[in-house]
Amino acid sequence: MAAITDEQVETVRALVASIPTGAVATYGDIADAAGLSSARIVGWIMRTDSSDLPWHRVITASGKPAPHLATRQLELLRSEGVLAADGRIVLREYRHSF
């Protein structure tokens with residue numbers, strides 16, 4: 001993976017922070033909005049620098065949460081009114097546009 005700049009990290013952090021309660025965005029949505037070449041870069045940033053962000057509002061393109069976070073993530077989303085069907089968030093209902 002190419003070196004990630006502080007500016008890219010801050011852009012991703014700002015985008016994640018801007019996702020409103022009751023909405024979600026995919027890693028790819030954030031990558032597109034940040035001008036990044038890959039959703040994996042967003043995943044790396046989120047994995048290393050997101051504890052103070054609404055990380056639970058970022059999901060995969062399939063609408064599923066990360067497997068190791070699924071229970072907690074779906075619980076947090078449910079508390080904000082974002083409901084899952086068969087463990088998946090229906091993006092057309094809850095997707096945030098940047």
Side-chain angles (χ1 to χ4, degrees):
M1 179 167 37
I4 298 169
T5 67
D6 289 343
E7 181 181 347
Q8 290 170 322
V9 170
E10 290 310 312
T11 299
V12 167
R13 288 179 51 78
L15 288 166
V16 172
S18 75
I19 303 167
T21 301
V24 297
T26 69
Y27 293 95
D29 293 338
I30 295 167
D32 288 345
L36 299 173
S37 61
S38 171
R40 290 177 185 254
I41 297 170
V42 175
W44 184 87
I45 293 169
M46 293 293 295
R47 189 170 48 255
T48 59
D49 191 17
S50 68
S51 63
D52 61 333
L53 296 172
W55 59 268
H56 59 284
R57 297 179 188 150
V58 182
I59 59 175
T60 65
S62 70
K64 289 186 173 183
H68 65 288
L69 300 169
T71 301
R72 180 73 179 133
Q73 190 168 16
L74 291 175
E75 179 181 286
L76 288 168
L77 289 170
R78 189 177 319 111
S79 74
E80 295 181 351
V82 177
L83 304 178
D86 296 322
R88 201 176 284 225
I89 304 303
V90 179
L91 291 173
R92 71 178 173 273
E93 291 182 32
Y94 300 105
R95 189 180 228 154
H96 175 65
S97 296
F98 292 102

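These figures come from a predicted structure and were not determined experimentally.
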Just wondering, more than 12 heavy atoms not from D52 lying within 6.0 Å of its CG?
yes

So which of Q73, E80, H96 actually passes side-chain hydrogen bond (donor to acceptor under 3.5 Å, both in side chains) with R57?
E80

By ring-ring contact (aromatic ring centres under 6.0 Å, His included), which residues pair with H56, not counting sequence neighbours?
none

Check whether any side-chain heavy atom of V58 sits under 4.5 Å from a side-chain heavy atom of L53, and report yes or no.
no

For A17 and P54, which heavy atoms make the closest approach, and how far apart are they?
CA-CD, 4.1 Å

Euclidean distance, I45 CD1 relative to I30 CD1, rounded to 0.5 Å:
9.5 Å

Which pair of heavy atoms, one from A34 and one from V12, lies closest together, and at what distance?
CB-CG2, 4.3 Å

Atom pair CD/OG1 of E10 and T5 - distance to nearest 0.5 Å
9.5 Å

For the hydrophobic clusters of this structure (ILVMFWY residues joined by side-chain heavy atoms under 4.5 Å, transitively), does one cluster hold both W44 and L69?
yes

Keeping S50 on the side-chain end and R47 on the backbone end, is there a donor-acceptor pair under 3.5 Å?
no

To the nearest 0.5 Å, what is the distance between CE on M46 and CZ on R13?
9.0 Å

Walk me through whether R95 and D29 qualify under side chain to side chain contact (heavy atoms under 4.5 Å, CB included).
CA-CA 9 Å; R95 189 180 228 154; D29 293 338; 2.9 Å; yes

Residues that, via side-chain heavy atoms closer than 4.5 angstrom, fall in one hydrophobic cluster with V24:
I59, L74, L77, V82, L83, I89, L91, Y94

Looking at E75 and R72, is there a salt bridge between them, counting it only when a charged N and a carboxylate O are closer than 4.0 Å?
yes

Who pairs with T11 by side chain to side chain donor-acceptor pair (under 3.5 Å), at least two apart in sequence or on another chain?
none

D32 versus F98: any side-chain heavy-atom pair under 4.5 Å?
no

For L15 and A33, work out which heavy atoms get closest and say how close.
CD1-CB, 3.8 Å

Search all heavy atoms of P65 against all heavy atoms of G87 and return the closest pair with its distance.
CD-O, 3.5 Å

